[in-house]
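See below for the structure under consideration.
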Protein chains: 2
Amino acid sequence: RIDEQRCEFPLPLKSQLLEIGADLPLVLPSKLGGYWIDPPLEKLRNVSPTSSQHGLDPESYDIMERDGEAKIYHEFFRSRYHHSFIAVDPSLGPLVLSVCLEEEENKLRVILRMKECSLHGTFSLSLFTNMPSAVELAKRLSDKVTVSKFDVVSYLKAPDLITAFDEHRVSSNFKFGVLYQREGQFTEEDILSNNKESEKFREFLSILGDTVQLQGFTGFRGGLDVCHGQTGNEAVFTSFNGREIMFHVATKLPYTEADPQQLQRKRHIGNDIVALVYQEGQTPFLCDVIKSHFLHCFVVVRRGSICLEHVNMYKVSVTAREDVPPFGPVIPDPPLFTDRSQLREFLLTKLINAEIACYKAEQFSRLELRTRSSLLESLHNELFSRSRCMMGDPSVAAAPPSESTRGPSEGSGGFIENFK
Amino acid sequence: RIDEQRCEFPLPLKSQLLEIGADLPLVLPSKLGGYWIDPPLEKLRNVSPTSSQHGLDPESYDIMERDGEAKIYHEFFRSRYHHSFIAVDPSLGPLVLSVCLEEEENKLRVILRMKECSLHGTFSLSLFTNMPSAVELAKRLSDKVTVSKFDVVSYLKAPDLITAFDEHRVSSNFKFGVLYQREGQFTEEDILSNNKESEKFREFLSILGDTVQLQGFTGFRGGLDVCHGQTGNEAVFTSFNGREIMFHVATKLPYTEADPQQLQRKRHIGNDIVALVYQEGQTPFLCDVIKSHFLHCFVVVRRGSICLEHVNMYKVSVTAREDVPPFGPVIPDPPLFTDRSQLREFLLTKLINAEIACYKAEQFSRLELRTRSSLLESLHNELFSRSRCMMGDPSVAAAPPSESTRGPSEGSGGFIENFK
């Protein structure tokens with residue numbers, strides 16, 4: 001279906017569009033630097049009339065995984081016969097090792113969970129004369145392991161705890177801010193104070209998702225109030241390739257007359273990691289105009305000014321803090337969309353990948369490491385005491401279930417919310 | 001098919017058959033006693049002309065299981081996530097406990113292996129406030145358990161060892177002796193010395209199974225030599241409801257001119273637990289005529305003498321040592337078969353069930369207990385040392401694989417052969 005909608009622009013339109021290259025840029029760098037902009041400004045000014053329409057094929061849009069190996073335990077261990085082992089390594093701290101014998105293939109599948117990361121490997125049994133010990137396997141995965149003995153996990157619900165740990169970064173839920181920037185609006189206050197949604201802005205929102213009533217909403221709510229209307233009456237929501245996305249649309253969040261900062265709006269959008277900026281007019285978006293410790297990336301979309309009324313045209317640009325690595329899909333060259341569904345595929349994929357790329361930025365990766373390290377310690381301790389109980393050791397009383405190793409609950413946007 | 005072949009005898013034949021009630025009995029009790037005979041002799045002499053043909057329906061023939069619970073571990077634990085625990089109880093000796101959490105049904109499935117027997121149970125998780133310990137579960141299954149702590153098994157091949165133990169009595173292979181008793185043959189020497197097989201005997205053998213060449217035979221060989229012909233050239237073999245049955249037919253085993261005991265024949269038949277006696281003539285079989293520590297039961301079949309040449313008629317009787325419990329299928333009343341396939345179903349089921357019933361006789365049950373107890377100890381010790389190795393404990397060297405916990409190999413008729 002999407003393929004059919006793809007077509008070369010008719011030549012007269014193409015030359016008109018290329019005029020836009022001379023417009024004001026969508027994004028301007030901040031004076032302090034610290035952001036990258038894509039497409040780069042110099043390129044934007046020199047769009048070659050011979051450039052081709054590449055980057056418009058939604059088939060080539062890959063959604064990134066925040067933790068590609070997180071589900072290995074679930075897939076290859078969880079319900080099968082396997083063993084997990086725990087130890088506190090003198091230098092590495094808590095270790096949780098899982099080993100499964102894949103008899104048909106005569107190999108061992110091993111996951112070693114350390115504070116820094118998890119390592120995964122498979123070893124042919126023919127490498128060993130006897131069944132290798134947990135210590136041997138851990139050392140094969142990391143030569144930093146120095147511990148000489150592991151304890152066996154015997155708690156029957158250990159697979160639930162281990163899965164929750166492994167998948168603590170996995171979420172199919174996303175929330176993004178949506179800012180509405182009108183002509184001449186340069187400041188955060190300007191942008192957050194908009195209340196009226198133009199017809200064109202509403203049309204754009206309909207590309208992102210459906211406008212839903214928050215009262216009684218049962219999908220992913222992204223921190224919005226679905227009971228008492230304290231975060232407005234409606235929001236924009238969509239399902240996309242198995243993910244649920246809630247948009248914090250500035251104009252739909254409560255407006256407070258006496259508050260120039262619009263904290264009721266800032267509270268949600270300022271806690272998002274990625275926001276979308278919709279521009280009507282030629283006013284550029286300043287990379288650091290919205291003050292937030294969380295926001296690391298903005299996907300900017302400008303409604304084009306075209307003479308031919310019946311063609312909607314959107315120009316896109318992305319800016320992110322310098323420590324956010326690049327992410328796909330590639331912005332088409334020229335950075336223009338006329339097809340609604342192409343634009344939707346591009347924007348949603350770009351937004352999701354933006355968030356996942358942002359987690360690699362220093363601030364989040366440090367936070368992730370701290371979270372991971374504390375969850376691993378909880379996991380180790382719970383497995384230890386529960387296994388002791390399981391063996392019947394009367395010296396250990398049953399520990400209450402640890403909240404920290406539970407999976408993310410509905411309404412959570414991931415680990416970030418646990419640390420706010 | 002079998003149903004179609006069942007039919008009421010035509011009346012003239014029925015009255016002729018009933019005359020046989022006056023023949024000499026198939027089996028005579030020994031002077032020393034110690035055997036039961038079915039049908040009882042007094043009954044045989046008083047077959048009522050109004051008796052019905054019951055016991056002839058193969059649909060009602062149930063093959064007994066030697067150990068009905070042996071496959072529970074294989075079915076409910078082996079490939080799933082579960083834990084096994086070991087301990088040496090002060091009074092019960094080695095214990096091997098397996099516990100599996102059946103999450104969908106919110107229950108624990110537990111097997112406790114003790115020297116005497118295995119106990120199996122399921123417990124709803126709602127019975128417990130916390131996950132119950134191995135000790136708690138073991139005590140729920142047997143109040144004789146007094147141990148206060150179990151060790152966890154962490155050896156990845158433990159399920160293989162545990163399955164081998166649980167199923168050490170399970171075999172789909174059976175071997176039975178077949179004795180050929182002609183008119184006037186009263187002694188073991190007489191019976192074992194027959195070399196010529198009559199047409200009728202061969203016809204009877206064809207009901208039991210196929211005459212196969214032993215050289216290169218690949219089915220269950222029941223201890224016969226399939227390479228060098230040292231146990232004769234052919235034997236009778238059949239497959240029956242997933243079981244493989246090898247018959248040690250006396251006349252097909254090697255005959256030794258100078259040996260009145262025919263040890264080459266006795267060696268195999270005397271090591272069987274059940275033998276079939278085929279009688280041509282009216283000479284009764286004496287319960288204890290064949291001297292053997294193993295043979296506990298004889299299924300005796302006499303070719304009937306009927307005037308109507310085209311109807312084959314077989315009369316059956318069973319004798320067994322007094323400590324062999326009764327077993328099905330019930331012998332029809334009158335104890336006569338005219339249909340080949342009915343007779344086959346009856347005899348094969350009766351032979352298999354006879355063997356399984358014989359294991360309950362004192363001699364075998366004592367032997368089984370000794371075997372079980374020694375296998376359980378091996379299992380415990382191997383699980384213990386291998387689990388220690390698995391944890392990386394350097395104080396325990398890798399133990400060589402224990403032969404005693406291996407499953408029965410092809411060619412074995414069960415545990416008996418390990419103890420000869």
Side-chain angles (χ1 to χ4, degrees), chain A residues 73 77-87 97-104 108-110 125 128-139 145 147-160 162-163 385-401, chain B residues 73 77-87 97-104 108-110 125 128-139 145 147-160 162-163 385-401:
Chain A
Y73 180 78
F77 294 76
R78 187 169 185 171
S79 60
R80 301 189 193 187
Y81 183 73
H82 71 278
H83 283 292
S84 293
F85 301 86
I86 51 176
L97 181 82
S98 296
V99 187
C100 185
L101 174 61
E102 302 189 343
E103 230 151 339
E104 322 79 60
L108 291 167
R109 189 178 287 273
V110 191
L125 259 190
F128 311 95
T129 46
N130 286 307
M131 182 70 72
S133 71
V135 172
E136 222 174 319
L137 290 168
K139 285 183 174 169
V145 171
V147 76
S148 65
K149 186 170 174 298
F150 276 82
D151 284 318
V152 195
V153 171
S154 62
Y155 181 48
L156 288 162
K157 288 185 172 174
D160 295 353
I162 293 172
T163 304
S385 62
R386 291 205 175 265
S387 295
R388 277 294 162 97
C389 288
M390 197 66 215
M391 292 157 74
D393 191 334
S395 70
V396 183
Chain B
Y73 180 78
F77 294 76
R78 187 169 184 169
S79 60
R80 301 188 193 188
Y81 183 72
H82 72 278
H83 283 291
S84 293
F85 300 87
I86 52 177
L97 181 82
S98 296
V99 187
C100 185
L101 174 61
E102 302 189 343
E103 230 152 339
E104 322 78 59
L108 292 166
R109 189 178 287 273
V110 191
L125 259 191
F128 311 95
T129 46
N130 286 307
M131 182 69 73
S133 71
V135 172
E136 220 174 322
L137 290 168
K139 286 184 174 170
V145 171
V147 76
S148 66
K149 186 171 174 299
F150 277 82
D151 284 319
V152 195
V153 171
S154 62
Y155 181 48
L156 288 162
K157 287 184 172 175
D160 295 354
I162 293 173
T163 304
S385 62
R386 291 207 175 264
S387 294
R388 277 295 162 97
C389 288
M390 197 66 215
M391 292 157 73
D393 190 334
S395 69
V396 184

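By convention in this document, chain letters (A, B, ...) are assigned in the order of the sequence lines, proteins followed by strands, and residues within each chain are numbered from 1.
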| request: With side chain to side chain contact (heavy atoms under 4.5 Å, CB included) as the test, would you mind laying out the steps for H83(A) and M390(B) before giving the verdict? | output: CA-CA 10 Å; H83(A) 283 292; M390(B) 197 66 215; over 6 Å; no
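For a residue to count as touching a neighbouring chain, one of its non-hydrogen atoms must lie under 4.5 Å from one of that chain's; by this rule Y155(A) touches chain B with backbone and side chain alike. Proximity to chain B (any heavy atom under 4.5 Å) is restricted, for L108(A), to the side chain, taken from C-beta onward. Of the atoms belonging to I86(B), not a single heavy atom falls under 4.5 Å from chain A.
Interface check for chain A: of the options A134(B), S79(B), A87(B), the most heavy-atom pairs under 4.5 Å are formed by S79(B).
Considering CZ of R386(B) and OG of S133(A), their distance stands at 13.0 Å, rounded to 0.5 Å. In this structure, NZ on K157(A) lies 5.0 Å from CE on M131(B), to the nearest 0.5 angstrom. Considering CG of L137(A) and CG of L156(B), their distance stands at 8.5 Å, rounded to 0.5 Å.
Scanning for ring pair (Phe, Tyr, Trp, His ring centres under 6.0 Å) contacts around F150(A) gives an empty result, with sequence neighbours left out.
Residues V152(B) and S154(A) come closest through the heavy atom pair CG1-CB, 3.3 Å.
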